[in-house]
Amino acid sequence: MADKIITRFAPSPTGFLHVGGARTALFNWLYARAKGGKMLLRIEDTDRKRSTSEAIDAILDGLKWLELDWDGDVIYQHEHAGRHREIADQLLGAGNAYKCYCTPDELADMRERARGEGRPPVYDGRWRDRDPCDAPAGVAPAIRLKTPRDGETIVEDRVQGSVTVANKELDDLVLLRSDGTPTYMLSVVVDDHDSGITHIIRGDDHLTNAARQSQIYASLDWDIPVFAHVPLIHGPDGAKLSKRHGALGVEAYREMGYLPEGLRNYLVRLGWSHGDDEIISTDQMIEWFDLDGIGRSPARFDFAKLENLNSHYLRARDDALLVRDIAALLPYLPNERRFPRDLEANDRGKLEMAMPHLKARAKTLPDLIEGARFLFTGRPLDIDAKAAKLLDPPARKRLGALLPALEGLDEWSAETIEASIRGFAEASGEKLGRIAQPLRAALTGRTTSPGIFDVLMLLGREETLGRIKDQAETN
Ligand code: GLU
């Protein structure tokens with residue numbers, strides 16, 4: 001039986017979980033779930049100075065919000081430093097690594113010279129075959145891997161194909177720094193090996209690292225996992241995705257009011273496809289995901305697509321859950337002044353009742369909030385400029401004339417309201433719009449809203465009549 005598949009997401013906690021990282025996590029998660037395997041989460045915090053607990057929290061929160069779970073406990077790479085040192089010593093003992101006593105100045109010099117001569121700035125291997133007796137006193141050495149000088153290293157990649165790198169371009173990489181700390185290159189290989197990782201799915205900015213890591217695997221006589229290097233995400237203009245394009249932390253998307261399932265669907269399509277399918281539920285993703293579906297050209301980030309997908313998931317989502325989503329989002333919207341910050345049970349009920357009407361027009365949760373604002377604003381209403389234009393004197397007169405018809409309703413439902421307003425329009429020889437438009441302006445302060453009969457029903461009799469009276473000309 002084939003070995004169980006084990007993938008990993010291995011972020012460095014030096015910043016938030018950005019969309020590129022979230023996509024990497026999603027692909028690893030999907031591959032593990034699709035194949036009945038496991039996904040591990042390893043925080044690559046060997047660089048103690050640059051790793052922060054805020055970044056770790058942001059990564060964990062982001063993954064939880066996206067509903068991407070991992071198997072087992074979170075692995076903190078720095079806890080394995082002893083094991084990484086042990087492997088470096090093993091390589092040293094076997095003659096596959098050596099001590100390098102170069103000072104930082106010497107190394108800088110070497111790079112300068114190489115650059116000046118138009119060569120790649122690589123380490124020249126000057127301590128590789130030198131007699132250890134030459135070691136300068138009192139200088140702690142770094143440990144470097146003795147990599148092959150000639151020939152090629154070939155990375156067999158499931159996305160990129162066979163990638164060949166000339167060995168002369170890869171210098172003798174540092175395994176342990178002179179202060180004894182392991183480098184990223186060593187730690188990744190040892191941890192991936194020790195945790196039995198079978199598949200490494202990550203951004204193609206790690207492709208050269210894959211060649212270097214392959215050399216470490218080879219020196220240790222360890223099996224190399226399957227590599228799948230996914231092209232990076234680009235902005236709509238074709239340049240590498242940057243903040244300017246929306247390379248924001250996942251929490252920013254949460255605050256912009258996207259749903260986790262909307263973002264997941266969007267992210268999976270950034271680089272992976274299944275025929276022409278655009279709307280792909282998580283269950284379908286798990287059923288269909290495979291490395292063969294990952295494309296070789298960079299995907300372009302497109303906010304309009306994300307919005308469209310999100311509006312699909314908004315419409316599909318349960319109304320009560322959306323109310324909960326809004327309540328959870330409100331504390332993150334510091335500028336949201338007029339919407340009740342703590343949605344009382346009563347408000348929640350109103351909002352839920354309005355939800356089917358609101359979500360038909362919304363792309364994000366803030367769109368729902370915007371649409372629902374009329375439910376929660378007190379009288380007299382702020383009327384925006386466009387709505388004010390509709391409330392000219394003749395329109396105010398029409399509203400005044402409509403009032404008794406509404407006041408006389410025995411039952412306040414969307415049906416009775418509709419019948420009464422249509423009846424009034426007919427009797428007064430007006431088109432429905434001539435009544436409905438100023439009515440909307442008076443009731444919501446806006447020119448767009450859910451269907452007008454629903455607006456009256458949602459506001460209730462008393463509030464509706466009050467708002468009409470505030471604007472109507474009654475004599
Ligand atoms: N820690 C690396 C990063 O955040 C990823 C290492 C890997 O996936 O091998 O870019």
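Whatever order the structure lists ligands and atoms in, that order sets their numbers, starting from 1.
Every atom of ligand 1 with a heavy atom of Glu44 under 4.0 Å away is listed here by number and element: 1 (N), 2 (C), 5 (C), 6 (C). Within ligand 1, counting atoms from 1 as listed, the ones closer than 4.0 Å to a heavy atom of Arg202 are 7 (C), 8 (O), 9 (O).
Remark: side-chain polar atoms of Arg296 are paired, donor with acceptor, to backbone N or O of Gln160 under 3.5 angstrom.
Under the 4.0 angstrom criterion for non-hydrogen atoms, Tyr184 is in contact with ligand 1. Residue contacts with ligand 1: Gln213 is excluded, as none of its non-hydrogen atoms falls under 4.0 Å.
Two residues are said to be in side-chain contact when any heavy atoms from C-beta on lie closer than 4.5 Å; Leu459 and Leu443 meet this criterion.
Relative orientation of the Tyr31 and His199 rings is tilted, given thresholds of 30° and 60° on the angle between their planes.
Checked for salt-bridge contact, Arg42 and Asp192 meet the test: a charged N lies under 4.0 Å from a carboxylate O. In this structure, Arg300 does not pair ionically with Asp302, as no charged nitrogen and carboxylate oxygen lie closer than 4.0 Å.
Here the protein heavy atom with the shortest distance to atom 10 (O) of ligand 1 is His206 NE2, 3.0 Å. Atom 5 (C) of ligand 1 has Ala10 O, 3.3 Å as its closest protein atom, hydrogens excluded (heavy atom only). Distance from atom 8 (O) of ligand 1 to its nearest protein heavy atom, with residue and atom name: Arg8 NH1, 2.7 Å. Of the protein's heavy atoms, Ser12 OG, 3.6 Å lies nearest to atom 3 (C) of ligand 1.
In this structure, the separation between CD1 on Ile216 and CZ on Arg212 is 9.0 Å, given to the nearest 0.5 Å. Here NZ of Lys4 is found 5.5 Å from NZ of Lys38. Values are rounded to the nearest 0.5 Å.
Only the backbone of Pro11 comes within 4.0 Å of ligand 1, counting heavy atoms alone; no side-chain atom from C-beta on gets that close.
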